[in-house]
> 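Starting off with a structure, shown below.
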Amino acid sequence: MFVKKPPMGWNSWNTFTHAINEELIMQTADIMANEGYLEAGYEYLVIDDCWSERERDKNGNLVADHEKFPHGMKYVADYVHSKGLKFGMYSCDGILTCAGYPGSFGHEFEDAKYFAEVGVDYLKYDNCYKVASVPNTTTYQKMALALKASGRDIVFSACNWGTEDVHTWARSRGTDLFRSTGDIFNHFESMQNIADSQKDKLAFAGPGCYNDVDMLVVGMKPKTDESGAGVQGDGMTEGEQRYHFAWWCMVGSPLMMGCDLRDVSDEAKKLMLNKNLIRINQDIECRPPYMAGHKNAWFRNLSNNEYALGFFNDAEDGGWPPVSYLSFNEIGLTPNCGYGLELTDAFTGEKVGVFEHDFKVKVPGHDCAMYLAKVVKLS
Ligand code: GLA
């Protein structure tokens, strides 16, 4: 189907991994609908791996885990839909899913039919236990066909972690978004590695097929023991979370929240609901940003004579660069052209002013500054 903007929603994996159930999903649906998330654009509620029984039924069909989802998946889908949300599920192009549940290899058409009957609007399709002789170009094309043949509009979210040069064929094989990286963990280094890894591939995304740099860890609690549910990591500071969310918005990645929405700090919630950052992420033209002169200055053309300008500081506090800087020459606003940039702080919504030749700002380490900009005539 044609997906006009990067999908936004929530996914169960980052915080809950295998520890999912009907009650959690219904509570999350309530919160998404009642606490401003849906209104802000987060419309897909996606159940990741570990939702099914370990075996298919005697007819070869997938079956929901009887203990986690005692009323079956259609019941959950109906509830999610009743809240005005869209419903997402998960499968895999291999023999098994990454967590060892039945995968869709050899069952693509019947599984797509099952997902359509349940009322699924979004399918995340993983890549574990893949049959080595069949390339991803085939496995993903096959599921794209099966979803289309199912008779229901289903967003197709490919997840092969950036392997087999996915950015070069994801669009041609009918996927709507493609995971371009390995899994994110809940710490700055993981997030930064992911951000860095895609800097030369941002232009492969555009309307209808998006570069998915993985789900958000904003608002997640630290977790450093191996036991229990959720992905590992000692967490991120508020500045690091700002960097993380702002970068995902700047590059137009899908925004899939990964925290426990029942227990999220006011700061993290405010960040994920920031209208200016979401406006940048969801811009209808879906243009990628580019590095403007300095390594940490990024500029993006938006619709409606607006632009996004971001400075991302990878250094620890006090490290390089002490001051972030953009010479407007780098974006075509040459000296004496008669135009300047009017900047609004994307985090606070405050007008910063009109600037003629350049702009400088001190960004703390592991943090960022983000602006919405307009080109204005200088008086
Ligand atoms: C892979 C994916 C993750 C998640 C897990 C589920 O690691 O990349 O996003 O879906 O599988 O097992």
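One-based numbering, in listed order, for ligands and for the atoms of each.
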> Which residue supplies the protein heavy atom nearest to atom 1 (C) of ligand 1, what is that atom called, and how far is it?
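For atom 1 (C) of ligand 1, the nearest protein heavy atom comes out as D126 OD2, 3.1 Å.
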> Salt bridge or not for E164 and K130, using N-O below 4.0 Å?
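Judged by the 4.0 Å cut-off on N to carboxylate O distance, E164 and K130 do form a salt bridge.
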> Please identify which atoms of ligand 1 are closer than 4.0 Å to at least one heavy atom of M215.
9 (O)
> Report the residue from L216, V46, L45, D212 that forms a side chain to side chain contact (heavy atoms under 4.5 Å, CB included) with M256.
V46
> Looking only at protein heavy atoms, which one is nearest to atom 7 (O) of ligand 1, and what is the separation?
D183 OD2, 2.7 Å
> Salt bridge or not between K74 and D78? Use side-chain N to carboxylate O under 4.0 Å.
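Yes, charged N to carboxylate O under 4.0 Å.
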> Heavy-atom contacts under 4.0 Å between T17 and ligand 1: side chain, backbone, both, or neither?
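Answer for T17: neither.
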> Measuring from non-hydrogen atoms of T97 to any atom of ligand 1, is the shortest distance under 4.0 Å?
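False for this residue.
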> Taking the six-membered ring of Y101 as reference, does the cationic atom of R54 (NZ for Lys, CZ for Arg) lie under 6.0 Å from its centre and within 45° of its axis?
yes
> In ligand 1, which numbered atoms sit nearer than 4.0 Å to a non-hydrogen atom of C98?
1 (C), 11 (O), 12 (O)
> Check whether Y90 forms a cation-pi arrangement with K124 (NZ or CZ under 6.0 Å from the six-membered ring centre, at most 45° off the ring normal).
no
> When you look for heavy atoms under 4.0 Å from ligand 1, do you find them on the side chain of C159, its backbone, both, or neither?
side chain
> Considering only protein heavy atoms, which is closest to atom 12 (O) of ligand 1, and at what distance to one decimal place?
D49 OD2, 2.7 Å
> Evaluate whether atom CD of E39 has more than 12 neighbouring non-hydrogen atoms of other residues, nucleotides or ligands under 6.0 angstrom away.
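Open: at most 12 neighbouring heavy atoms sit under 6.0 Å from CD of E39.
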> Looking only at protein heavy atoms, which one is nearest to atom 9 (O) of ligand 1, and how far off is it?
K124 NZ, 2.8 Å
> Give a yes or no on whether a salt bridge exists between D183 and R179, defined as a side-chain N under 4.0 angstrom from a carboxylate O.
yes
> Crowded around K374 NZ? As in, over 12 foreign heavy atoms under 6.0 Å?
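Counting neighbours around NZ of K374, more than 12 heavy atoms of other residues, nucleotides or ligands fall under 6.0 Å, so yes.
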> If you have a sec, work out which protein heavy atom is nearest atom 4 (C) of ligand 1 and how many Å separate them, to one decimal?
D48 OD1, 3.4 Å
> Only heavy atoms of W161, strictly under 4.0 Å: list the atoms of ligand 1 that pass.
1 (C), 2 (C), 8 (O)
> Go through ligand 1 atom by atom and flag the ones less than 4.0 Å from a non-hydrogen atom of R179.
8 (O), 9 (O)
> Ring centres of F359 and Y371 under 6.0 Å apart?
yes
> Under 4.0 Å from a heavy atom of W13: which atoms of ligand 1 are those, numbered in the order shown and with their elements?
4 (C), 5 (C), 6 (C), 12 (O)
